[in-house]
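Okay, structure first, notes after.
What you see is a predicted model, and the numbers here were worked out from it, not measured in a lab. Positions are given from 1, in the same order as the sequence printed here.
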Amino acid sequence: MENFTFYSPTKFVFGKGAENEAGKLVKAYGGSKVLLHFGGGSVIRSGLLDRVKASLDAENIPYIELGGVKPNPRSGLVYEGIDLCRKEGVDFILAVGGGSSIDSSKAIAAGVVYDGDFWDFYCGKPIDTALPVGTVLTIAAAGSEGSGDSVITKEEGMFKRGASGEGIRPKFSILNPELTQTLPAYQTACGITDIMAHLYERYLTNTKDVEVTDRLIEALLITMKNEGPKVIADPNNYEARANIMWAGTMAHTNSCGVGRSQDWNSHNIEHELSALYDCAHGAGLAVTMPAVFKYVMDHDEARFTQAAQRVWGKETAEEGINAFRDFLISIGMPSTLGELGGKEEDIPVLVKNLCYGDGRTGSISGFVTLDENDCTKIYQAMI
């Protein structure tokens with residue numbers, strides 16, 4: 001196990017009706033004027049946004065609104081939010097929604113206090129300082145409610161890139177599993193896939209003797225394997241929703257990733273799919289992960305065999321990967337590039353953007369270093 005420092009200061013408020021505490025929590029963390037940042041649609045129709053506003057009104061905290069966040073959140077709205085916050089004197093950002101709203105809020109929070117272009121952070125500059133961010137989560141998926149990470153798509157060139165730093169770790173996150181019960185089955189399944197991806201990205205490590213975190217990851221994968229089908233069959237199964245929501249948070253606080261190298265190649269490869277085709281991130285991961293896993297399996301077959309035996313009840317590495325792929329298909333996820341709207345003739349563009357776009361120098365690194373030839377073969381395996 002490698003040396004590490006782990007610091008996860010986010011306050012999690014979990015359970016039914018927890019969104020009604022938003023105003024008190026903003027006040028407790030020093031917010032005096034809030035940007036409410038959200039997508040639209042369901043948070044308005046469900047009355048959630050009105051309940052959050054009422055909680056702010058009860059604490060006499062003024063707010064302004066910026067809706068319009070889309071899946072695979074865009075840089076244009078981030079720039080708009082930065083300008084709005086500066087103009088209005090906002091000192092706290094409250095994201096209401098899923099990972100897209102939270103990631104966009106984090107980008108705005110970092111950009112408001114930065115003299116340069118916020119995109120600098122998405123080219124590798126760590127985020128040390130930002131406006132405080134809180135979240136009211138509506139989908140168990142991205143884990144952004146408990147992480148110091150954010151992913152944004154730059155509209156100029158359509159590059160989808162991530163940024164990290166303790167400055168954007170949320171001050172608090174409100175998690176009410178009831179808010180996820182109205183999600184369509186497809187969106188729920190995308191969330192399940194994303195959670196499992198966050199676990200596998202940490203599981204694929206070159207660090208030896210990490211039994212504690214191996215076992216934590218395996219336990220959470222088993223939870224997803226068991227609870228996922230329950231919510232697909234019965235969207236109103238609160239207990240299954242609750243287990244999935246907390247698993248999603250635990251998967252991405254990095255409590256499962258400390259002391260070990262991590263992968264993230266599947267995420268990088270998928271980001272090009274959702275940037276080009278605007279597909280759901282979880283759906284893209286469902287197609288990407290089995291292709292990546294089979295391509296890199298020989299690098300450390302014992303690691304894949306361990307997952308096969310401990311998580312999937314299979315004997316061999318390949319059987320475990322197939323079982324994972326079959327599970328994703330069983331909950332309604334796609335399995336081919338074509339199902340995402342992709343075409344074989346797009347592969348050179350995907351590879352170019354992945355390996356050379358926005359400052360990259362020809363490869364991506366993680367569990368295995370992959371060059372453009374490797375990435376081409378992986379995309380071809382998705383057809």
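Salt bridge Lys352/Glu372: absent, no basic N to carboxylate O contact under 4.0 Å. With respect to Asp214 and Arg303, a salt bridge is recorded, a charged nitrogen being found less than 4.0 Å from a carboxylate O. The pair Asp278-Arg74 meets the salt-bridge criterion, with a side-chain N (NZ, NE, NH1 or NH2) lying under 4.0 Å from an Asp/Glu carboxylate O.
Taking the centre of each ring, Phe159 and Tyr122 stay at or above the 6.0 Å mark. When ring centroids are compared, Trp246 and Phe12 come within the 6.0 Å threshold.
One hydrophobic cluster, built from ILVMFWY side chains closer than 4.5 Å, holds both Ile331 and Ile195. A continuous path of hydrophobic side-chain contacts links Ile383 to Tyr295 [ILVMFWY only; heavy atoms under 4.5 Å].
Side-chain N/O atoms of Lys160 and Ser274 include a donor and acceptor closer than 3.5 Å. Side-chain contact annotation: Asn265 with Glu201, donor-acceptor N/O pair under 3.5 Å absent. No hydrogens or angles considered: nothing links the side chains of Glu145 and Thr135 as a donor-acceptor pair under 3.5 Å. Checking Asn322 against Lys294 by side-chain atom types alone, a donor-acceptor pair falls below 3.5 Å.
Between Phe14 and Pro177, the shortest heavy-atom distance links the atoms CZ-CG, 3.5 Å. Here the closest heavy-atom approach between residue Leu337 and residue Val287 is recorded as N-CG1, 3.9 Å.
Counting only distance, with no hydrogens or angles, the side chain of Asp209 and the backbone of Met1 share no donor-acceptor pair below 3.5 Å.
Crowding of Lys53 atom NZ: a count of heavy atoms from other residues, nucleotides or ligands under 6.0 Å exceeding 12.
Counting heavy atoms from C-beta on, the side chains of Ser330 and Phe327 come closer than 4.5 Å.
Atoms CD1 and CD1, on Ile139 and Ile244 in that order, are 11.0 Å from each other to the nearest 0.5 Å. Here the CG-OH distance, from Asp346 to Tyr379, works out to 11.0 Å after rounding to the nearest 0.5 Å.
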Carefully, step by step, assess Asp103 and Ser144 under the rule side chain to side chain donor-acceptor pair (under 3.5 Å). CA-CA 7 Å; Asp103 282 5; Ser144 193; 2.6 Å; yes
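Taking the ring centre of Tyr238 as origin, the terminal cationic atom of Lys16 falls inside the region bounded by 6.0 Å and 45° from the ring axis.
The aromatic rings of Phe118 and Tyr79 stand perpendicular to each other, their planes meeting at an angle above 60°, with 30° marking the opposite boundary.
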Under 3.5 Å, which donor-acceptor pairs do the side chains of residues 25-39 form with other protein atoms, sequence neighbours left out?
from, atom 1, to, atom 2, distance (Å)
Ser32, OG, Asp91, OD2, 2.4
Lys33, NZ, Glu88, O, 3.0
Lys33, NZ, Glu88, OE1, 3.2
His37, ND1, Leu66, O, 2.8
His37, NE2, Ser104, OG, 2.8

